[in-house]
Protein chains: 2
Amino acid sequence: MTEDQHGDVSPVDGVLAALADPTRRQLLDLLAELGEVTATTLAEHLPISRQAVVKHLAVLDAAGLVAGRRAGREVLYEVRPAALNATARWMSALASDWDRRLATIKRIAEAAERGAAPPDAESGGS
Amino acid sequence: MTEDQHGDVSPVDGVLAALADPTRRQLLDLLAELGEVTATTLAEHLPISRQAVVKHLAVLDAAGLVAGRRAGREVLYEVRPAALNATARWMSALASDWDRRLATIKRIAEAAERGAAPPDAESGGS
DNA sequence: ATCATGTGCAACTCTGGAGTTGCACATCAA
DNA sequence: TTGATGTGCAACTCCAGAGTTGCACATGAT
């Protein structure tokens, strides 16, 4: 049973971890609003130090949610919708999967309630 | 007029926090696979104690991702697709928003590159 | 050249939460 | 009743990471 049905090591992993932090989400909001700004600028809009912002940006960058480019002596960061979109799709697919399974289970339970012999739940793999 | 467009205090918050933990995701996978089982059963399928599982289930329950019902002396847990679906939609909308903003910014930048006077970015409200 | 501004690195503190163990309480079976 | 199985609560350890400060290095302006 090599259970890898949902892709545990996918980029989704990093995105979820990155989005778990409220400060990071706030940072993304700010970044989407301001367009392309530096870590220093972002820090001015938040109650935390620049270094804290830089660390958060590093996490977001690793997750593919933001990207930074050098412009002279400063680094401009920008939001990246692709990773978020991919995660949204993954999540939606997972929800559908759950729905499917729940429907199956409910069907079996109803059949069993009518006195029929309950068939085994996990038979047909996809 | 505090930050409202992205709904920071929505149920999404709890879902993201819950999904951030790999063990919790594994627990959800397991729960979707087994249907309706107890915390004890889940713990048997994982390298952690029953108590740890119970704590995780509490977090997942608070996020609306699972629900438990008593059956005699045991508590059966079940997966709940609704919260996940809602979060997926929220995420998708957010990604679209980013896309929209990026497109706007890029358009402005291109216009500026042609030597035209850069028009102000944020004028129209919703 | 000098000064100012901004980034990058490193060490440090501190809190939250993941996991553990032990035991008390509740429920089903004999 | 007694014994077995399962849940619930509380105290505890441990570590990842959020945030800080200080300083060195790089770049733009004068």
Side-chain angles (χ1 to χ4, degrees), chain A residues 8-9 11-31 34-79 83, chain B residues 3 8-9 11-31 34-79:
Chain A
D8 239 278
V9 207
V12 167
D13 189 275
V15 173
L16 289 176
L19 263 69
D21 190 282
T23 303
R24 231 127 53 197
R25 287 197 301 271
Q26 207 174 337
L27 217 37
L28 288 172
D29 272 2
L30 218 44
L31 219 40
L34 302 178
E36 228 187 7
V37 290
T38 68
T40 302
T41 303
L42 287 169
E44 289 169 0
H45 293 250
L46 290 173
I48 60 176
S49 73
R50 176 185 62 93
Q51 292 299 335
V53 171
V54 169
K55 285 188 185 180
H56 282 306
L57 285 174
V59 174
L60 291 170
D61 181 54
L65 288 167
V66 306
R69 72 167 227 269
R70 280 212 90 102
R73 74 177 150 184
E74 38 187 36
V75 179
L76 299 177
Y77 288 90
E78 183 184 57
V79 98
Chain B
E3 59 292 318
D8 237 276
V9 206
V12 167
D13 188 276
V15 173
L16 289 176
L19 261 58
D21 189 283
T23 303
R24 230 128 53 195
R25 288 198 300 270
Q26 206 173 338
L27 217 37
L28 287 172
D29 272 2
L30 218 44
L31 218 40
L34 301 178
E36 229 188 5
V37 290
T38 69
T40 303
T41 303
L42 288 168
E44 289 169 359
H45 293 252
L46 290 173
I48 61 175
S49 74
R50 174 186 63 92
Q51 293 299 337
V53 171
V54 170
K55 285 189 186 180
H56 282 306
L57 286 174
V59 174
L60 292 170
D61 181 55
L65 289 168
V66 306
R69 73 168 226 268
R70 282 212 90 103
R73 75 178 149 185
E74 37 186 38
V75 179
L76 298 178
Y77 288 92
E78 184 184 55
V79 99

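Residue numbers start from 1 in every chain, and the chains themselves are labelled A, B, ... in the order their sequence lines are given, proteins ahead of strands.
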Colleague: Can B:R69 and B:E78 be counted as an ion pair, charged N to O under 4.0 angstrom?
Modeller: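 Salt bridge flag = no for B:E78 with B:R69.
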Colleague: To the nearest Å, how far apart are A:L42 CG and D:dA18 C1'?
Modeller: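 Nearest whole value for this atom pair: 17 Å.
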Colleague: Could you say whether A:A71 or B:T38 is positioned toward the 5' end of DNA chain D, judged by the nucleotide with the nearest heavy atom to each?
Modeller: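 Nearest-nucleotide comparison on DNA chain D picks B:T38.
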Colleague: Tell me, for nucleotides 9-20 of chain C in 5' to 3' order, what letter each nucleotide earns: B for a base near a protein heavy atom under 4.0 Å, S for only sugar-phosphate near one, - for neither?
Modeller: B-B------SBB
Colleague: Between A:R24 (side chain) and A:H56 (backbone), is there a donor-acceptor pair under 3.5 Å?
Modeller: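 The answer is no, because no donor-acceptor pair under 3.5 Å joins these two groups.
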Colleague: Run the side-chain contact (heavy atoms from CB on, under 4.5 Å) check on A:L76 and A:V37 step by step: do they pass?
Modeller: CA-CA 5 Å; A:L76 299 177; A:V37 290; 5.5 Å; no
Colleague: Between P on C:dA29 and CD on B:E74, what's the gap in Å once rounded to a whole number?
Modeller: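 Going from CD in B:E74 over to P in C:dA29 covers 11 Å.
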Colleague: Can you see which heavy atom on A:A63 is nearest to which on A:V15, and at what distance?
Modeller: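 The pair with the smallest heavy-atom distance is O-CG2, 3.6 Å.
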Colleague: Check the distance between C:dG6's C1' and A:L76's CG and give it to me in whole angstrom.
Modeller: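 In whole Å, C:dG6 C1' and A:L76 CG are 12 Å from each other.
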Colleague: How many whole angstroms separate atom CZ of A:R70 from atom P of C:dT5?
Modeller: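 A:R70 atom CZ is separated from C:dT5 atom P by 18 Å.
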Colleague: Could you state the atom-to-atom distance from CZ of B:R73 to C1' of D:dG6 in whole Å?
Modeller: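 Value for this atom pair: 6 Å.
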Colleague: Is any side-chain heavy atom of B:L19 closer than 4.5 Å to one of B:L65?
Modeller: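 In contact.
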Colleague: Would you sort out whether A:V54 and A:R50 count as a side-chain contact (heavy atoms from CB on, under 4.5 Å), showing the intermediate values?
Modeller: CA-CA 6 Å; A:V54 169; A:R50 176 185 62 93; 4.2 Å; yes
